[in-house]
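Scope of the values below: all heavy atoms of this structure, side chains included, with no hydrogens, waters or symmetry mates. Quick note on labels: first sequence line is chain A, next is B, and so on, each numbered from 1.
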There are 2 protein chains.
Amino acid sequence: MTTTRHESGRRSGSSRRPTQADVARLAGVSQTTVSLVLSGSGAAQRRVGEEVSERVLRAIELTGYVANPVAQSLAGGRTSIIGVYTYEPVFPHDAGNFYYPFLEGMEDEAQRLGVDLLLFTSMAPSHRGLTGGSGIRRLRVADGCVLLGRHSSPDDLAELVRQEFPFAFVGRRETPAGEVPFAGAAYQDATASVVEHLLELGHRRIALVNEYTGHESVEDRARGYRRAMAAAGLQPVTFDQGDRDAGDLLDALRASGMTAAAVSSDVVGRLRRAALDRGLTVPGDLSLARLGDPEIREDADVDWTGFLIPRMQMGAEALRIVARRLAGDEDTDAQVFIPCTLVDGSTAGPLAPSA
Amino acid sequence: MTTTRHESGRRSGSSRRPTQADVARLAGVSQTTVSLVLSGSGAAQRRVGEEVSERVLRAIELTGYVANPVAQSLAGGRTSIIGVYTYEPVFPHDAGNFYYPFLEGMEDEAQRLGVDLLLFTSMAPSHRGLTGGSGIRRLRVADGCVLLGRHSSPDDLAELVRQEFPFAFVGRRETPAGEVPFAGAAYQDATASVVEHLLELGHRRIALVNEYTGHESVEDRARGYRRAMAAAGLQPVTFDQGDRDAGDLLDALRASGMTAAAVSSDVVGRLRRAALDRGLTVPGDLSLARLGDPEIREDADVDWTGFLIPRMQMGAEALRIVARRLAGDEDTDAQVFIPCTLVDGSTAGPLAPSA
DNA sequence: CTGAAAGCGCTTACAG
DNA sequence: CTGAAAGCGCTTACAG
């Protein structure tokens, strides 16, 4: 019963939508004049006479004319669309909505800026990145783009920078190709503050536990940790979380005489549970500070000491960076760090006298 | 320090991206031929010779050419962009992510279909609807559009139908202007099933509690309720939830001798608490069935009897409807009802012998 | 099988 | 102050 139409699904639309030409005909002016009247940009606006302008406006009213954004875009105008490219699905199925707050912030800001958000979902499945496929060009439907996702591609970044495409990353990113615009979390300062807090509690043997990747967000935390330890004249000790069992990790910390640890958010939960399993107390036997709220919400009942990632603000700021660049503000800060929220919870406590 | 550039922020891009003309020059053919080679549509593809075709393909490789979607669109091609217009913010700040699952389903499906999602956020703030402003025209950046949101505008629907724009609503919608494509929840069947469940538990005095709006989703539930009651030869009794206090509502139900109630999801929680406050038990003194999971997650600990709204599937199906229409399948079902998940929880129980 | 040409609906120099 | 014209990068009849 399926009839394949010959029009191959092109937009039909009973009556063709009015164009500038239609308006011009009705107003008795040239199409150029209509365009001029509409391009509200001060200089151009003033170029057409009061009376003619009104005639055009009336004709617009009558015809119900609205500009075709596609044509505007092709002719060199703007689409008022900002793309959002994510290196992972934006809406994950699992409970922890890591990306959700980013988008939340972006949506808010998009409304404020009067732009639409184009979610590039079609490129995601392959995860080959943008440069590989037809991706990078596809972004250009939009005026600019916000990129998102942990596993970004260095090639893409380099290409984007080289092309001077107006974009911004959510989270700090680096490339040898040049300066990457981003709205990142101030992990370095946040981590330093967390360590200082542990120092104030009397701890001296404070470990850092993190991944072994060279990811920017990991690096920033490590830098903050080292900075605070160095300032206190203490020896930084870093434990790779690797794939090892949380119990083994715990044993290693204890064996090294650590009394406190600043731990990446994706293992801190398991570490705490391993401690409890061994009959230890937190923070009695070991103080634990969490470096950011994890992607997957877990141990929500635990009152973690540590910091929170300002996801909404990061999303909003990334959009603002793109918008500023589109507005021609080249001198504006294109690399923005947003402070994290510090939380003085109950997983870190004073150094036990026995220790 | 802010230097306003004269280029007014237009995409700069160090080197202009290659166009079909560039490819044609390199391959020594006409621009038309390049277009023909690329427009893979069987018929057209076959029109160009094997050897020429390969030469073009090689030139494309060399130049790194990728089609400009904006130009394609203007020339009558496709953008592979499907819009998503919501009548409320997509990402609400409050805890209950009502729209989140819809988008989740859409994103999945968009990946599968190879289309991108354009979130029309810029039009949302005014909430004037599409028709009022420049909205409806703006949708046309996309090939088609999915609409979303409780408070949709009848004028928009009528206009969209009239224009034969390929769209679909998430949730059933009606307009005198014609048939509205939608992916809705089968509220009628689900409500009927819930009522039948209450009947099986021995209840005879079963009330329906709902809003007084004429919203399609409310109507569908009411129809299902009436259908089931009529089939059992019982008198349907509907209580408007209005703005009244949940306590008053409860008293009214009790005064009318109701032993069970099928209740709209946004009051059922308050109703239950009102019952508990008065020292009553649920389901001992009153059986409660919830007609859908609410927008705002609350009483998550309660094991509600009732049904769940298949939000993800609705989002995905709405996108599929649009895609089918774009593909030219005019005969396909454009009005789809998706079954709700029935939950046999513990807020409804057998009719107490005393009653 | 291939190409010259028109056209999609705009913007923007460039002339009057 | 206004308009004729070119051009954005494609697709699609229409001729050869």
Side-chain angles (χ1 to χ4, degrees), chain A residues 6-11 13 16-25 27-41 43-56 60 63 65-80 134 137-138 140-141 143, chain B residues 6-11 13 16-25 27-41 43-56 60 63 65-80 134 137-138 140-141 143:
Chain A
H6 279 109
E7 297 84 26
S8 77
R10 282 221 39 206
R11 297 163 190 157
R16 195 174 54 76
R17 305 249 66 201
T19 69
Q20 289 191 349
D22 297 323
V23 174
R25 215 167 300 128
V29 297
S30 74
Q31 179 262 114
T32 304
T33 302
V34 176
S35 175
L36 251 22
V37 170
L38 283 161
S39 66
S41 63
Q45 178 82 301
R46 219 152 291 136
R47 278 188 48 203
V48 16
E50 188 72 20
E51 199 228 0
V52 173
S53 180
E54 263 176 28
R55 212 152 13 110
V56 170
I60 287 173
T63 54
Y65 167 83
V66 186
N68 177 342
V70 173
Q72 284 181 308
S73 174
L74 185 59
R78 292 287 185 67
T79 50
S80 283
S134 59
R137 186 57 186 279
R138 204 149 162 50
R140 297 195 170 254
V141 209
D143 290 336
Chain B
H6 280 110
E7 297 84 26
S8 78
R10 281 221 39 206
R11 297 165 190 156
R16 194 176 55 77
R17 306 250 65 200
T19 69
Q20 289 190 347
D22 297 323
V23 175
R25 215 169 299 128
V29 297
S30 74
Q31 178 262 112
T32 304
T33 302
V34 176
S35 175
L36 250 21
V37 170
L38 284 160
S39 65
S41 63
Q45 178 82 300
R46 219 152 291 137
R47 277 188 48 204
V48 15
E50 188 72 20
E51 199 228 359
V52 174
S53 181
E54 262 175 29
R55 213 155 9 113
V56 170
I60 287 174
T63 53
Y65 167 82
V66 185
N68 176 342
V70 172
Q72 284 181 307
S73 174
L74 186 59
R78 291 288 183 68
T79 50
S80 284
S134 59
R137 187 55 186 282
R138 207 152 158 49
R140 295 193 171 256
V141 208
D143 290 337

Pull out every protein N or O sitting under 3.5 Å from an N or O of nucleotides 13-16 of chain D, one pair per line with the distance.
none

Ignoring backbone atoms, test whether [X] places a side-chain nitrogen or oxygen under 4.0 Å from the OP1 or OP2 oxygen of [N].
{"X": "B:Ser35", "N": "D:dC10", "value": "no"}
{"X": "B:Gln20", "N": "D:dG9", "value": "no"}
{"X": "A:Ser30", "N": "D:dG3", "value": "yes"}
{"X": "B:Thr33", "N": "C:dT2", "value": "no"}

Heavy-atom side-chain proximity of B:Thr63 to B:Thr19 below 4.5 angstrom: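 No, every pair of side-chain atoms sits at 4.5 Å or beyond.
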Test item: B:Val23 and B:Gln31 side chains (from C-beta on) under 4.5 Å apart, heavy atoms: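 Result no, sub-4.5 Å side-chain heavy-atom pair not found.
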Gap between atoms [atom1] and [atom2], on [X] and [N] respectively (whole Å):
{"X": "B:Arg55", "N": "C:dG3", "atom1": "CZ", "atom2": "C1'", "answer": "13 Å"}
{"X": "A:Arg25", "N": "D:dG3", "atom1": "CZ", "atom2": "P", "answer": "14 Å"}
{"X": "A:Leu74", "N": "C:dC10", "atom1": "CG", "atom2": "P", "answer": "12 Å"}
{"X": "B:Asp22", "N": "D:dC8", "atom1": "CG", "atom2": "C1'", "answer": "13 Å"}
{"X": "A:Gln72", "N": "C:dC10", "atom1": "CD", "atom2": "C1'", "answer": "7 Å"}

Those residues that, when tested against B:Thr32, pass side chain to side chain contact (heavy atoms under 4.5 Å, CB included) (two or more places apart):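 Testing B:Thr32 for side chain to side chain contact (heavy atoms under 4.5 Å, CB included), a comparison that skips the adjacent residues, returns B:Ser30, B:Leu36.
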Bracket string, DNA chain C, 5' to 3' - pairs by Watson-Crick or G-U geometry under 3.5 Å, | interstrand: |||.||||||||.|||
Comparing A:Val52 and A:Gln31 on DNA chain D - which has the more 5′ nearest nucleotide: A:Val52
B:Thr33 side, atom OG1; B:Leu38 side, atom CG - distance, nearest 0.5 Å: 11.0 Å
From CD (A:Gln20) to CZ (A:Arg25), nearest 0.5 Å: 12.0 Å
B:Ala27 versus B:Val56, closest heavy-atom pair with distance: CB-CA, 4.1 Å
Name of the residue among A:Arg55, A:Glu54, A:Glu50 meeting side chain to side chain contact (heavy atoms under 4.5 Å, CB included) with A:Val52: A:Arg55
